[in-house]
Amino acid sequence: MPRLLTLAVFAVLVAAALGAAPVSVHYATSDSMEPTIGEGDVFLVTDGTVEEGDVALYFSAEREELVAHRVVGETDAGYVTQGDANPSTDQAGGAPPVPPGEVVGPVVTVA
């Protein structure tokens with residue numbers, strides 16, 4: 001079965017398991033989340049809130065793209081994030097905290 005079709009079937013099964021929560025399919029364009037998510041890996045994101053320790057997909061206004069990084073803290077201004085393969089947080093590198101409104105949702109599985 002072609003990989004895309006397999007992934008589509010997998011997404012439907014995950015959505016059913018999550019109580020029909022909306023699910024979106026994404027892929028990693030960098031290795032910043034190694035070993036959890038490798039460059040080129042496909043992953044699923046559902047609607048929902050994120051907590052410290054979750055991998056969240058969010059829109060980075062600074063980079064003008066979607067980013068999947070781990071939530072490692074929270075401030076009054078938003079979430080503190082870090083790629084698993086990165087030595088420091090995104091905010092230590094100059095990125096602003098991620099406002100909750102910019103979070104698409106938590107990564108629920110990696111295919």
Hydrophobic cluster partners of Val80 (side-chain heavy atoms under 4.5 Å)
Val72
Quick one: side-chain hydrogen bond (donor to acceptor under 3.5 Å, both in side chains) partners of Ser24, sequence neighbours excluded?
His26
Restricting to non-hydrogen atoms, name the atom on Pro99 and the atom on Pro97 that form the minimum distance, rounded to 0.1 Å.
CD-O, 3.2 Å
Val104 versus Leu66: any side-chain heavy-atom pair under 4.5 Å?
yes
Residues passing the salt bridge (Lys or Arg N to Asp or Glu O under 4.0 Å) test with Glu65, sequence neighbours excluded, are Arg63
Sequence neighbours left out, what passes side-chain contact (heavy atoms from CB on, under 4.5 Å) with Ala85? Give chain and number order.
Glu34
Once side-chain contact (heavy atoms from CB on, under 4.5 Å) is applied, do any residues pair with Thr49, and if so which ones, sequence neighbours excluded?
none
Taking only residues two or more places apart in sequence, or in another chain, which ones meet Val103 in a side-chain contact (heavy atoms from CB on, under 4.5 Å)?
Val50, Ala56, Tyr58, Tyr79, Val98
Those residues at least two apart in sequence (or on a different chain) that pass side-chain contact (heavy atoms from CB on, under 4.5 Å) with Ser32 are Ser30, His69, Asn86
Contact between Glu51 and Val71 at the side-chain level, heavy atoms closer than 4.5 Å - yes or no?
no
Pro22 backbone acceptor or donor facing Thr46 side chain under 3.5 Å:
yes
Given Ile37 and Val55, is the side-chain contact (heavy atoms from CB on, under 4.5 Å) satisfied, shown in steps?
CA-CA 10 Å; Ile37 303 172; Val55 176; 4.3 Å; yes
Those residues that, when tested against Asp31, pass salt bridge (Lys or Arg N to Asp or Glu O under 4.0 Å) (two or more places apart)
none
Quick check: do Thr89 and Thr81 have side-chain heavy atoms less than 4.5 Å from each other?
no
Among residues two or more places apart or on two chains, list those pairs meeting salt bridge (Lys or Arg N to Asp or Glu O under 4.0 Å) that have a residue in residues 78-105.
Arg70-Asp84
Give me the atom names and distance for the closest heavy-atom approach of Gly38 to Ala28.
O-CB, 3.3 Å
Between Tyr27 and Phe43, which heavy-atom pair has the shortest distance, and what is it?
C-CE2, 3.7 Å
Could you tell me which non-hydrogen atom of Glu62 sits nearest to which non-hydrogen atom of Ala95, and how far apart they are?
OE1-CB, 3.5 Å
Are Val25 and Val67 joined in one hydrophobic group, where the rule is that I, L, V, M, F, W and Y side chains link up if heavy atoms are under 4.5 Å apart?
no
